[in-house]
Amino acid sequence: MTQALDQLSAVLLFSAMGVYALAFIAFTLDLARRSARVGDTVVSGAERVAAARSGAANGYVTTKERSTATIGRSDGATRESVSLRIGVVLAIIGWVLHLVATVLRGVAGGRVPWANMYEFSMTGTLIIMGVFLVALVRRDLRFLGAIVTGLVLIMLGITTVGFRVDVVPLPPALQSYWLVIHVMVAILGTAFFTLGAAISVVQLLQTRREAGAAPVKFRLPGAIPGPVALENTAYRVIVVGFVFWTFTLIAGAIWAEHAWGRYWGWDTKEVWTFIIWVIFAGYIHARATKGWRGSRSAWLAIIGFAAVMFNFGVVNVFFKGLHAYSGL
């Protein structure tokens, strides 16, 4: 029964990856079509007027306002809107398949599905996509669809090829309720850092676009918010991630005391978790310093995300220590 559930989980995960790939294509086609349109500035202006009238902050428009703004556009604009909506629908379908695959993996193991690298990757990418989809309710961040789905696809590809392991019992040190609390909070922090880094990447591209430094053949659609709005949104998202990561650090120390009799032992995983915390603490502090706003703070957010990925993909696999629970 366990093996059958695990195999079904793997099939559903591959199906989710296929749907995510289609969503990525739809999001990319929408960006390409909008970038090529000469009337981008007109569309952007209309949307920003709608946002101003409704009181939307920082130049963003809600999903309802954007849908209203598309009424009466040309056929090309309608097709572009359809591509965007198809991308969102496909992303939701892929996420549902992804969710079922993750739950089945947990049922097969009789525990939470994040006890090794394979399961952590499954759950982590699920939460990343989930945070993105939930964020769409508050902000129109659909222009991030290609980045987020592309990143999730790459991570799932690496997971299925390099991290796939059979269901095995938990080692003694992981047989604790702290496995549920500590790791889930770390996953949530990682998801918000990922979204913040994606927004920061677009912020850098928009900064180059407004400065006229971007190549002529590569233009972001004018409907995407400006660098200041993107920076403010990235900051809010990263602050949420920082709160989760702070709790991750604290919960990890408490769990370490329960498992090994000490709160801190300079284990490689502990050190890198603290390094990530310091980087994002520096990012938050830098935002309070006028000279470190703009592109500098965006690069700091991206560096912090790179440290998170290094901690996950390199430290967990190649470094030895008390946290060597990758299952590989």
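All values derive from a computational prediction rather than experimental measurement.
Listed here is the closest heavy atom pair of Phe27 and Ala91: CE1-CB, 4.4 Å. In terms of heavy atoms, Met184 sits closest to Thr123 at CE-CG2, 4.3 Å. Annotation for Leu153 and Phe24: closest pair CD1-CB, 4.2 Å, computed over non-hydrogen atoms. Of all heavy-atom pairs between Ile279 and Gly304, the closest is CG2-CA, 3.5 Å. Closest non-hydrogen pair, Gly196 versus Val237, comes out as N-CG1, 3.7 Å.
By the rule that hydrophobic residues join a cluster once side-chain heavy atoms approach within less than 4.5 Å of another member, Val11 and Leu13 end up as members of separate clusters. Side-chain heavy atoms closer than 4.5 Å link hydrophobic residues (I, L, V, M, F, W, Y) into clusters, and following such links, even through other members, never connects Leu8 to Val167. By the rule that hydrophobic residues join a cluster once side-chain heavy atoms approach within less than 4.5 Å of another member, Val96 and Leu104 end up as members of one cluster.
Residue-environment remark: NE2 (His285) stays at or below the threshold of 12 foreign heavy atoms within 6.0 Å. Shown here is Trp178, whose CH2 atom has more than 12 heavy atoms of other residues, nucleotides or ligands within 6.0 Å.
Of the possible polar contacts, one joining the Gln203 side chain to the Gly294 backbone as a donor-acceptor pair under 3.5 Å is found. Glu231 places no side-chain N or O within 3.5 Å of a backbone atom of Pro227 that could act as its donor or acceptor partner. Side chain of Thr159 to main chain of Met155: a donor-acceptor pair is present (N/O by atom type, distance under 3.5 Å, no hydrogens or angles). Looking at Asn232, its side chain does come within 3.5 Å of a backbone N or O of Val228 through a donor-acceptor pair. The backbone N or O of Ala251 lies less than 3.5 Å from no partner atom in the side chain of His182, so there is not a single donor-acceptor pair. Checked by atom type and distance alone, the side chain of Gln7 never pairs as donor or acceptor with a backbone atom of Ala4 at under 3.5 Å. Side-chain atoms of Trp272 do not come within 3.5 Å of backbone N or O of Ala307 as any donor-acceptor pair. Checked by atom type and distance alone, the side chain of Trp114 pairs as donor or acceptor with a backbone atom of Leu179 at under 3.5 Å.
Residues Ser83 and Arg33 have side chains that bring a donor and an acceptor to within less than 3.5 angstrom of each other.
Here the side chains of Trp264 and Leu249 are in contact, with some heavy-atom distance below 4.5 Å. Met17 has its side chain out of reach of His98: every pair of non-hydrogen atoms, C-beta onward, lies at least 4.5 Å apart. Contact annotation: the side chain of Pro225 never approaches that of Gln206 to less than 4.5 Å [non-hydrogen atoms, C-beta and beyond]. By the 4.5 Å heavy-atom criterion applied to side chains, Met122 and Thr160 are not counted as neighbours.
Ring centroids of Phe280 and Trp245 are separated by 6.0 Å or more, keeping the two rings apart. Taking the six-membered ring for Trp, Phe242 and Phe192 have ring centres at least 6.0 Å apart.
A salt bridge links Arg164 with Asp6; the closest basic N to acidic carboxylate O contact falls under 4.0 Å. Salt-bridge annotation for Arg262 and Glu257: absent, with no side-chain N of the basic residue lying under 4.0 Å from a carboxylate O of the acidic one.
Here Tyr118 contributes atom OH and Ser9 contributes atom OG; the two are 5.0 Å apart, rounded to the nearest 0.5 Å.
Checked against side-chain hydrogen bond (donor to acceptor under 3.5 Å, both in side chains), Trp277 has the following partners two or more places apart in sequence or in another chain: Thr246.
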